[in-house]
J.: 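First the structure, then my questions, so here it is.
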Amino acid sequence: MTTERRFYLTTPIYYVNDKPHIGHAYTSLAADVLARWKRMEGLQVFFLTGTDEHGQKVEKAAETRGMAPQDFTDTVSQAFRELADRMNFSNDAFIRTTEERHKAACAALWKRLEERGEIYLGHYEGWYAVRDEAFYGPDEITEKNGQKFAPTGAPVEWVREPSYFFRLSNWAERLLAFYDENPDFIAPATRRNEVISFVKSGLTDLSISRTSFKWGVPVPGDEAHVMYVWLDALTNYITALGYPDEATEAWKFWPADVHFVGKDILRFHAIYWPAFLMAAGLPTPARVFAHGWWTNEGQKISKSLGNVIDPLALIDEFGLDPVRFFLLREVPFGNDGDFSRRALMGRLNSELANDLGNLAQRSLSLIQKNCEGRLPGVVKPDAADAELLDAVAALPAQVGEALDRQAFHEALERVWVVTRLGNSWIDAQKPWSLKKTDLERMATVLRHLHTALRGLATVLLPFMPETMGRMLDQLAVPEDARTVPALATLLPDGTELPPPSPLFQKIVDEPA
RNA sequence: GGCGGUGUAGCUCAGCUGGUUAGAGCACGGCACUCAUAAUGCCGGGGUCGGCGGUUCAAGUCCGCCCGCCGCUACCA
């Protein structure tokens, strides 16, 4: 029996009420890069994404369009598959909460919680906003012209309905102990503090069923109820691994290594989810990472402002890999960040085209012109060479360490430090001058540059799979040698290199 | 209000357990080079490290107070 290392990472399942926007693309992108990196390190990876398709809002949206809910969600869910496709995400599965296996998993989890005495029937009442599909506390309600309104501006009405409850209040102490024993469970640290302080302030039992609409997973044994959307949604992470059948091959991936989420849904993942799992006697995930939001040219993004960013439009204009690069390079993952044309163009032109692309172009052109397009032989590095080669050799460990903390920006910064070093080094070595004085040394310099470029392209492969693939083509690195471990094996001397061509096209600002 | 975080060059930020002239990238100025996508490299200007007070031989780096900004404060994804 081999003990292969497994790595399970997820995005949230996206609510089909909305069409895909930059936020969806961002979360999945982060997960994709980490998934690709872990595969490259040789781990067995399972990367899950999907769509959340139940709830009153979906039911109503379908009704408005005169469609059956299932037909409606079939259509909208497709947009998220297309996004994954266009963004070149390497997800191993795409789950939908309307799948039969998922309903079965939810029912199984429910029964398990019920058997363990974690669920009871009570009733829920309060000010309810249909539009928001949410209850509000009395202190949040405002009144205008006899009508009461939620803080969101949605009209509310007093609703009392029977509801099943999960004994969340029993789990506050256990959760605090869990956070204490697993300091890395919630990241970044500032989010962890928020969650802990929230739990410390006390938890009340959680209403986990609704009778006010039908579009959901029926509660086992009481078909008048459907499950509360979060119990339904969170369960997807184990449905995809075969739950409730814990004997499957896939189940070995549980518990998850990282759940990537937006900061708005951290609470559900950092409080409810481990509580549900502990209550059910299931292992808890290792980590939940909450990333931040994007603003658009300094403006908060909102549908009413009409400044929603469409990731597909960005790709069309700037190309996929530059967009992938920008999103993870510009902002520390976990922080909020601003998306601007100027910043994107700056990164694309100076870092991708000038720093990296041009380093490759100038180095490979020299080999093409002065070495008949063949890879020069390896010569033992001298002190000056070692400065560059050691920096490159250290990169995989540095990038891996940063990615283990989901510090994507740090990983890229590390790579760019070495990229800049490459430019500085080639200027110091002046192979174009050596051509006239010392052909042997020139060849050695060019060989070292090739080695450096291969290292750079390899560690960047998860970030920019397509473009770095082209770069490795130009470096004549075989398909099966495009991994970190493969860097240990040098390419044979004399390997023929294709003529280089620019990797990144610069963007010239148009008058718009 | 409560809890948490943050305020360092024009901009975005690094500065771990306190210790030589406070750093990077971008932007700006000068020089060099011309292999390369007019790309690159080198040098430089510029900061009372939010304010006041304290601890210490020594404080962006610890403590207190004040000011500014941000996040969280329950069942919308």
Side-chain angles (χ1 to χ4, degrees), chain A residues 12-18 23-24 51-58 124 126 128-129 131-137 140 150 152 154 163 165-166 168 188-208 210 228-231 233 261-268 271-272 290 292 329-332 335-338 342-343 346-347 349-370 409-410 413 416-417 420 422-435 442 445-446 449 500-506:
Chain A
I13 44 175
Y14 301 118
Y15 203 53
V16 293
N17 196 36
D18 210 358
H24 301 116
T51 43
D52 181 10
E53 310 188 5
H54 288 135
Q56 190 168 26
K57 273 196 243 181
V58 172
Y124 196 89
Y128 185 74
R131 196 174 91 191
D132 298 340
E133 211 179 306
F135 282 92
Y136 291 93
E140 295 179 286
T152 57
S163 171
F165 284 83
F166 170 72
L168 184 64
T190 175
R191 298 293 165 204
R192 175 183 145 82
N193 291 340
E194 289 175 7
V195 169
I196 289 174
S197 111
F198 181 85
V199 174
K200 275 188 179 159
S201 74
L203 297 175
T204 60
D205 289 346
L206 185 68
S207 166
I208 53 167
R210 295 285 186 274
Y228 168 57
V229 64
W230 273 109
L231 180 59
V261 301
K263 64 183 184 182
D264 55 330
I265 56 172
L266 175 62
R267 179 189 306 149
F268 308 104
I271 299 176
Y272 300 171
R329 167 67 166 149
E330 180 71 1
V331 176
N335 291 8
D336 288 348
D338 183 49
R342 213 180 134 201
R347 295 286 183 190
N349 290 342
S350 73
E351 296 191 327
L352 292 181
N354 294 348
D355 291 348
L356 179 63
N358 189 53
L359 176 62
Q361 182 69 15
R362 64 199 302 209
S363 306
L364 293 174
S365 297
L366 287 164
I367 294 177
Q368 201 60 220
K369 287 178 189 167
N370 303 307
H409 65 294
E410 272 185 54
E413 175 57 25
W416 253 259
V417 166
R420 283 183 225 113
N423 276 313
S424 160
W425 189 81
I426 192 176
D427 272 24
Q429 298 306 319
K430 299 185 183 8
W432 48 88
S433 300
L434 290 170
K435 168 166 81 172
M442 177 201 73
V445 164
L446 294 179
L449 280 166
S501 65
L503 293 166
F504 298 97
Q505 194 117 48
K506 284 199 221 177

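Letters A, B, ... are given to chains in the order of the sequence lines, protein chains preceding strands, and every chain is numbered from 1. Please read all numbers here as calculations on a predicted model, not as lab measurements.
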J.: With sugar-phosphate meaning primed atoms plus P, OP1 and OP2, does A:K369 contact a base, only sugar-phosphate, or nothing at under 4.0 Å between heavy atoms?
T.: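 Sugar-phosphate contact only.
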
J.: I need the minimum non-hydrogen distance between A:P431 and A:L446, along with the two atoms involved.
T.: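 For A:P431 and A:L446, the tightest heavy-atom pair comes out as CB-CD2, 4.0 Å.
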
J.: Taking the six-membered ring for Trp, are A:F268 and A:W230 ring centroids under 6.0 Å apart?
T.: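 Between A:F268 and A:W230, the centre distance is under 6.0 Å.
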
J.: Does B:G2 have OP1 or OP2 under 4.0 Å away from a side-chain N or O of A:K200?
T.: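 Indeed not, no polar side-chain atom of A:K200 lies that close.
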
J.: Hey, does A:I271 reach any base, or is it just sugar-phosphate, or nothing, if we go heavy atoms under 4.0 Å?
T.: nothing

J.: Kindly say whether, by distance alone, the side chain of A:S365 makes a donor-acceptor pair under 3.5 Å with the base of B:A36?
T.: no

J.: Using both distances under 3.5 Å as the test, list the Watson-Crick or G-U wobble partner of B:G71, or none.
T.: B:C3

J.: Hey, is the side chain of A:T190 poking within less than 4.0 Å of OP1 or OP2 on B:C72, counting only N and O atoms?
T.: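 False: A:T190 side-chain N/O out of range (4.0 Å or more) of B:C72 OP1/OP2.
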
J.: For A:P502, which contact category applies under a 4.0 Å heavy-atom criterion: base, sugar-phosphate, or nothing?
T.: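 A:P502: base contact, heavy atoms under 4.0 Å.
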
J.: Provide the distance between the two C1' atoms, one in B:U6 and one in B:C49, to the nearest whole Å.
T.: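 One C1' to the other, the span is 14 Å.
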
J.: Decide, yes or no, whether a salt bridge links A:E330 with A:R342 under the criterion of side-chain N to carboxylate O below 4.0 Å.
T.: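 A salt bridge is absent here (no side-chain N lies under 4.0 Å from a carboxylate O).
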
J.: With RNA chain B as reference, determine whether A:Y272 or A:R329 sits nearer its 5' end, using the nearest nucleotide of each.
T.: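 Between the two, 5'-proximity favours A:R329.
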
J.: Mind checking A:D355 for me? I need base, sugar-phosphate or nothing, with any heavy atom below 4.0 Å counting as a touch.
T.: sugar-phosphate

J.: Over all strands shown, is A:S433 touching base, sugar-phosphate only, or nothing at heavy-atom distances under 4.0 angstrom?
T.: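 Counting heavy atoms under 4.0 Å across all strands, no contact is made by A:S433.
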
J.: May I ask you to say what A:G357 touches in the nucleic acid, namely base, sugar-phosphate or nothing, with a heavy-atom cut-off under 4.0 Å?
T.: base

J.: Mind checking whether A:N423 and A:R362 have side chains closer than 4.5 Å, heavy atoms only?
T.: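 Side-chain contact under 4.5 Å: yes.
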
J.: With a 3.5 angstrom cut-off on both distances, give the Watson-Crick or G-U wobble partner of B:U37, or none if there isn't one.
T.: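 Base-paired to nothing in any strand shown.
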
J.: For B:U34 and A:R362 - does any side-chain N or O of the residue sit under 4.0 Å from the phosphate oxygens OP1/OP2?
T.: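 So the side-chain polar atoms of A:R362 never come under 4.0 Å of the phosphate oxygens OP1 or OP2 of B:U34.
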
J.: Taking any heavy-atom pair under 4.0 Å as a contact, classify A:W230: base, sugar-phosphate, or nothing.
T.: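 Sugar-phosphate only.
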
J.: Any strand counts, and the cut-off is 3.5 Å on both contacts for Watson-Crick or G-U wobble. Which nucleotide pairs with B:G25?
T.: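 B:C11 - that is the nucleotide pairing with B:G25, both distances being under 3.5 Å.
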
J.: Quick check: on RNA chain B, is the nucleotide nearest A:S363 upstream (toward 5') of the one nearest A:N335, or the reverse? Name the residue that is more 5'.
T.: A:N335

J.: Partners of A:E351 by salt bridge (Lys or Arg N to Asp or Glu O under 4.0 Å), sequence neighbours excluded?
T.: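 If we apply the salt bridge (Lys or Arg N to Asp or Glu O under 4.0 Å) test to A:E351, skipping adjacent residues, the hits are A:R329, A:R347.
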
J.: Ignoring backbone atoms, test whether A:W432 places a side-chain nitrogen or oxygen under 4.0 Å from the OP1 or OP2 oxygen of B:A36.
T.: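 Result: no.
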
J.: Provide the distance between the two C1' atoms, one in B:G23 and one in B:C62, to the nearest whole Å.
T.: 22 Å

J.: Contact class for A:Y124 (heavy atom, under 4.0 Å): base, sugar-phosphate, or nothing?
T.: base

J.: Please check the phosphate of B:C35 (OP1 and OP2 only) for any side-chain N or O of A:N370 closer than 4.0 Å.
T.: no

J.: Between the side-chain atoms of A:N358 and the base atoms of B:A36, is any donor-acceptor pair under 3.5 Å?
T.: yes

J.: Considering residues, nucleotides and ligands other than A:E413, do more than 12 of their heavy atoms fall under 6.0 Å from its CD?
T.: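 For A:E413, atom CD is crowded (more than 12 foreign heavy atoms under 6.0 Å).
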
J.: Contact class for A:G292 (heavy atom, under 4.0 Å): base, sugar-phosphate, or nothing?
T.: nothing

J.: Taking the C1' atom in each of B:G51 and B:A59, what is the distance between them to the nearest angstrom?
T.: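 Rounded to whole Å, the distance is 16 Å.
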
J.: For B:A39, does either OP1 or OP2 sit under 4.0 Å from a side-chain N or O belonging to A:K506?
T.: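 Answer yes for this pair, as a side-chain N or O of A:K506 is under 4.0 Å from OP1 or OP2.
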
J.: Tell me: CZ of A:R342 to P of B:C26, nearest whole Å?
T.: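 So the CZ-P distance, A:R342 to B:C26, works out to 13 Å.
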
J.: Minimum heavy-atom separation for A:A360 to A:L503, with atom names?
T.: CB-CD1, 4.0 Å

J.: So what does A:L203 hit on the nucleic acid, given a heavy-atom distance under 4.0 Å: a base, only sugar-phosphate, or nothing?
T.: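 Result for A:L203 = base.
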
J.: Looking for any heavy atom pair under 4.0 Å, which part of the strands does A:N193 touch: base, sugar-phosphate only, or nothing?
T.: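 Sugar-phosphate only.
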
J.: Just call it for A:S197: base, sugar-phosphate, or nothing, with non-hydrogen atoms closer than 4.0 Å on any strand.
T.: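 Since only primed, P, OP1 and OP2 atoms lie under 4.0 Å of A:S197, the category is sugar-phosphate.
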
